[in-house]
2 protein chains.
Amino acid sequence: MSQFVSQEAGSLAPYTPGEQPVDLQYVKLNTNESPFPPSPKVVKAVSQAELLKLNLYSDPTCGMLCRSIAKRNELKPEQVLAGNGSDELLFFAFRAFCGEGKGAAYADITYGFYKVWAKFFNLESTVIPLREDFSLNIDDYMDFPGTIFIANPNAPTGIAVPVREIKRLLEANPDRVVVVDEAYVDFGGESCIPLLYAHDNLLIIQTFSKSRSLAGGRIGFALGSADLIADLNRVKYSFNPYNVNRLSIVAGAAAMEDEDYFRKCTSTVAQNREWTVGALEALGFTVLPSCANFIFVKSDRIPGGELYRRMKENGVLIRWFDADRIRDFCRVTIGSREQMELFIGEVKKLLGEV
Amino acid sequence: MSQFVSQEAGSLAPYTPGEQPVDLQYVKLNTNESPFPPSPKVVKAVSQAELLKLNLYSDPTCGMLCRSIAKRNELKPEQVLAGNGSDELLFFAFRAFCGEGKGAAYADITYGFYKVWAKFFNLESTVIPLREDFSLNIDDYMDFPGTIFIANPNAPTGIAVPVREIKRLLEANPDRVVVVDEAYVDFGGESCIPLLYAHDNLLIIQTFSKSRSLAGGRIGFALGSADLIADLNRVKYSFNPYNVNRLSIVAGAAAMEDEDYFRKCTSTVAQNREWTVGALEALGFTVLPSCANFIFVKSDRIPGGELYRRMKENGVLIRWFDADRIRDFCRVTIGSREQMELFIGEVKKLLGEV
C-alpha cells in the first residue's frame with residue numbers, strides 16, 4: 001500500500017480469484033466455467049454491424065437484455081437488472097440493503113466474496129456455521145434482523161437448500177431481505193423464482209458465466225420486485241451507469257433465447273458430474289452431494305493441498321481453499337467428459353491405481 | 001425506494017446520464033461519443049475465435065490490454081489499471097484515496113459524477129468555484145489537504161488547465177494525490193503523462209470512449225506509480241476482479257495499437273470543432289474555448305433549455321444542464337462534418353436565419 005491510501009481502503013480484505021493462466025496450457029477445472037463455447041446464436045449476434053456501433057454508449061438500462069431475461073423467466077422487465085457479472089450485482093445488494101443497523105448474515109463456508117463486500121461497507125457481519133455435514137440449517141437464520149445472503153446451491157460445497165426452506169425464511173420476517181445467489185442453480189438445483197410472485201423481500205442473483213457459457217462476457221442479473229430492483233438501480237446510478245457493454249448485451253440476449261443449447265449444456269454437465277462422482281467414489285473419495293457444476297471432494301489417501309499441487313504439476317488445475325473446516329477438500333469444476341476422464345486418469349496415477 | 005433500503009443507499013444522489021435513445025433516430029450530439037466507428041483493427045480483433053472462448057473468464061489483470069496501453073505511453077505495465085469505463089476507475093480512486101479525514105476537492109462546474117461518488121463514500125467535499133470565465137485557478141487548490149480531482153480538459157466547459165499548473169500543484173504538496181481526469185485530452189489538450197516520471201502523487205484517468213471510438217466497449221484506464229495502481233487494485237479486488245470482459249480486452253488492445261486511425265479521428269474532430277465554433281460565433285453565440293470533443297455554447301437570442309428542447313424536437317440531441325451558473329449554456333458534442341452542418345442548419349432555422 002502507498003502512503004496515500006485512505007484508512008478505509010487500507011482495511012479492505014481483497015478477494016483472491018482462482019488462477020487464470022492466459023496460455024490455456026492446463027485442463028482448467030478451477031473456476032467453474034462451462035466447458036462448452038457459447039451458443040452459436042451468441043456468435044452470430046456479435047456481428048460486424050454490432051462492432052461498428054461500438055463508438056456509441058451501450059443502453060444504460062440494458063433494455064434488450066433485461067426483456068429477454070424477463071420473458072424467459074415470466075417476469076416483468078422492471079423486475080430485472082443486468083450487471084457486469086453477478087459480483088457487481090451482489091455488491092449493489094450489499095449497499096442497497098445493508099448498512100448502519102442493518103447487518104449481513106451468511107454461512108461460514110460459502111462464496112468467499114460475501115465477507116469481502118461486508119468489509120467494503122464496514123458492515124456488522126453475522127457468520128452462521130453450516131452443520132457438520134455442510135448443510136445449511138435455515139432455522140439458524142430465522143431470528144436474524146438484517147439482510148441474509150444464501151448461495152443456493154452453495155459454493156464451494158455444491159449443496160442446495162430446498163426452496164420450501166427459503167420460503168419459510170421469507171415468511172418468518174417479511175421486513176427483511178433475503179438474497180439468494182443462484183449462480184449454480186441451473187445444473188440441478190431448484191430456483192426460487194416462483195417465490196417472487198408472493199414475496200417482495202426476495203432478491204435472486206443469477207449469472208451467464210456458468211450455464212450460459214459466457215464467463216468472459218461478464219453478465220449477471222438480479223430478479224426481484226420492481227421496488228427492490230429500483231433500490232439496486234440507485235446504487236448502480238451512483239457508481240457506473242453504463243455497466244454492461246454493447247457486445248455483452250447482445251450476446252446475453254442471444255444466449256437467453258437459446259433454450260435448447262442451454263438445456264443441452266447443463267444436462268451434459270450434470271451427466272458428467274454423476275459420472276465423475278461415481279469414479280471418485282470408486283477410488284474411495286468422499287464427495288459432497290452437489291447440484292452445481294462442480295464437486296467438493298476429499299480423500300483420506302491424500303491431503304487437499306497436496307492433491308491440488310500434484311494435479312497442477314500434472315497439468316490439471318483444480319481449486320483448494322486453505323481455510324478451516326475445508327482444508328481437506330478440493331473443488332473440481334465439471335467439464336467435458338473428455339476433461340473429466342483425463343482428471344480421473346490423473347487421480348488414479350496419483351494414487352497408484354494404474 | 002422500498003421499505004428495505006439501507007439508510008446509506010437511501011441517501012445516495014444518483015447521476016443522470018445523457019439520453020441514450022436506442023432507435024438511433026436522432027443526430028446524437030449529447031454524450032460526447034465519437035462519430036466514427038472503431039478502428040478496422042478492432043473489428044478484426046473481435047474474431048470468431050475470440051467469441052468461441054467467451055465461456056472462459058477474462059484475465060482479471062487485463063494483461064494484454066495493460067501492456068498495449070503501457071507501451072503506447074512509455075510506461076511499465078504495472079503503472080496501468082484497466083476498468084469497466086473510466087467511471088469505474090474514478091470510483092476506485094475515490095475509495096482508495098479518500099475517506100475519514102481525507103476529503104475530496106473539485107470544481108463547482110465539472111463532471112457531475114464527482115459529487116455522486118463523494119456522497120457514495122460519505123466524504124467531506126470541498127467544492128471550489130471556477131473563475132467567472134469558467135477557468136480553473138490552481139492557487140485555489142494549493143492548501144487543500146485531501147485528494148484533488150481535476151477534469152482536464154474540464155467538462156462540460158472544454159477548458160483546459162496548463163500542465164505546468166498541475167505540476168505546480170503536485171509539487172506544492174507531495175503527500176497529497178491529484179487525480180487528473182483526462183477523458184477528453186486527445187482532442188487538443190496536453191496530457192500530464194510526462195509528469196508521472198517525477199511525481200508519484202499523480203493519478204491520470206483516461207478512456208477509450210471518446211478518442212478511440214469505443215464508448216460501447218466500456219474501457220477506461222488509470223496511469224500512475226505502481227504503488228498508486230496497487231492501491232486501486234485493492235479496491236478492485238474487493239469489488240469485482242473480472243471487471244473487463246474478454247472482447248473489450250482484445251478490442252481495447254487493438255484500438256491502442258492503431259495510432260494512425262486514432263490520429264485521423266481526433267484531428268478530424270478538432271477540425272470539425274473549429275468549423276462549428278466559427279459557424280456559431282458568426283450567429284452571435286458565445287463559445288467557451290474548448291480542447292475537447294464538445295463545445296459549451298450560449299446565445300442571448302435563445303435560452304439554453306429552449307435551445308435543447310427545440311433542437312430535440314427537430315431531431316438533434318444536445319445536452320442541457322439545469323444548474324446554477326450554466327443554465328444558459330448547452331453542451332454540443334462534435335460529430336462528423338455532416339452532423340455539424342446539419343446541427344448548424346437547425347440552429348439557423350431556429351434563429352430565423354434562413
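Note on naming: letters A, B, ... go to the chains in the order of the sequence lines (proteins, then strands), and numbering restarts at 1 for each one.
When atom types are taken as modelled, the side chain of Arg234(A) and the backbone of Gly10(B) share a donor-acceptor pair closer than 3.5 angstrom. No donor-acceptor pair under 3.5 Å is formed between the side chain of Gln7(B) and the backbone N or O of Gly99(A). With hydrogens and angles ignored, the 3.5 Å screen pairs no side-chain donor or acceptor of Lys53(A) with any backbone N or O of Pro37(B). Checking side-chain atoms of Asp87(B) against main-chain N and O of Asn240(A) turns up no donor-acceptor pair under 3.5 Å.
Residue Arg212(B): no heavy atom, backbone or side chain, is found under 4.5 Å from chain A. Only the backbone of Ala13(B) comes within contact range of chain A, judged by heavy atoms closer than 4.5 Å. Interface residue Phe113(B): only side-chain heavy atoms are found under 4.5 Å from chain A. For Phe91(B), the part sitting under 4.5 Å from any heavy atom of chain A is the side chain, from C-beta outward, and nothing else. With a threshold of 4.5 angstrom between heavy atoms, Pro40(B) does not approach chain A through any atom at all. If you measure heavy-atom distances from Lys210(B) to chain A, the contacts under 4.5 Å come from the side chain alone.
Closest approach of Pro241(B) and Tyr15(A) over heavy atoms only: CG-CD2, 4.1 Å. The two residues Ser58(B) and Arg218(A) have their closest heavy-atom pair at OG-CD, 3.8 Å. Contact detail for Ala9(A) and Ala96(B): the closest heavy-atom pair is CB-CA, 3.7 Å.
Around atom CD of Glu124(A), no more than 12 heavy atoms belonging to other residues, nucleotides or ligands sit under 6.0 Å away. Remark: Gln3(A) CD is packed, more than 12 non-hydrogen atoms of other residues, nucleotides or ligands lying under 6.0 Å away. Within 6.0 Å of atom CD in Glu19(B), more than 12 heavy atoms from other residues, nucleotides or ligands are found, so the atom counts as buried in its surroundings.
Proximity of Leu56(B) to Glu33(A): side-chain heavy atoms (C-beta onward) are separated by under 4.5 Å at one or more points. Two residues are said to be in side-chain contact when any heavy atoms from C-beta on lie closer than 4.5 Å; Phe121(A) and Glu8(B) fail this criterion.
Note: Ser209(A) leads Ala230(A), Gly18(A), Ser209(A), Gly85(A) in heavy-atom pairs under 4.5 Å with chain B. The candidate from Leu228(A), Asp227(A), Asp175(A) with the greatest count of non-hydrogen atom pairs under 4.5 Å with chain B is Asp175(A). Between chain B and the residues Gly63(A), Gly217(A), Ser225(A), the most heavy-atom pairs under 4.5 angstrom are made by Gly217(A). For chain B, the option among Phe208(A), Tyr242(A), Tyr57(A) with the highest count of heavy-atom pairs below 4.5 Å is Tyr57(A).
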Would you please test Leu214(A) and Asn55(B) for side chain to side chain contact (heavy atoms under 4.5 Å, CB included) and show each step? CA-CA 5 Å; Leu214(A) 282 172; Asn55(B) 57 310; over 6 Å; no
Residues Val42(A), Leu51(B); criterion side chain to side chain contact (heavy atoms under 4.5 Å, CB included); working and verdict: CA-CA 8 Å; Val42(A) 168; Leu51(B) 290 170; 5.6 Å; no
Set out, in order, the CA-CA distance, both residues' side-chain angles and the distance that settles side chain to side chain donor-acceptor pair (under 3.5 Å) for Asp231(B) and Ser2(A), then state yes or no. CA-CA 7 Å; Asp231(B) 292 341; Ser2(A) 80; 2.4 Å; yes
Are Phe4(B) and Asp200(A) close enough, and set up right, to give a side chain to side chain contact (heavy atoms under 4.5 Å, CB included), and what steps lead you there? CA-CA 10 Å; Phe4(B) 304 106; Asp200(A) 67 359; 3.8 Å; yes
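If you take CG on Asn243(A) and CG on Asn243(B), they are separated by 12.0 Å, rounding to the nearest 0.5 Å. Glu88(B) CD to Asn84(A) CG: the interatomic distance, rounded to the nearest 0.5 Å, is 6.5 Å. Rounded to the nearest 0.5 angstrom, Asn245(A) CG and Leu247(B) CG are separated by 7.5 Å. Taken from CZ in Phe120(B) to OG in Ser238(A), the straight-line distance is 7.0 Å, to the nearest 0.5 Å. Distance check, rounded to the nearest 0.5 Å: CG of Leu12(B) to NZ of Lys236(A) gives 14.5 Å. Considering CG of Leu54(A) and OG of Ser248(B), their distance stands at 7.5 Å, rounded to 0.5 Å.
Checked against the 6.0 Å centroid criterion, the rings of Phe239(A) and Phe239(B) qualify as a close aromatic pair.
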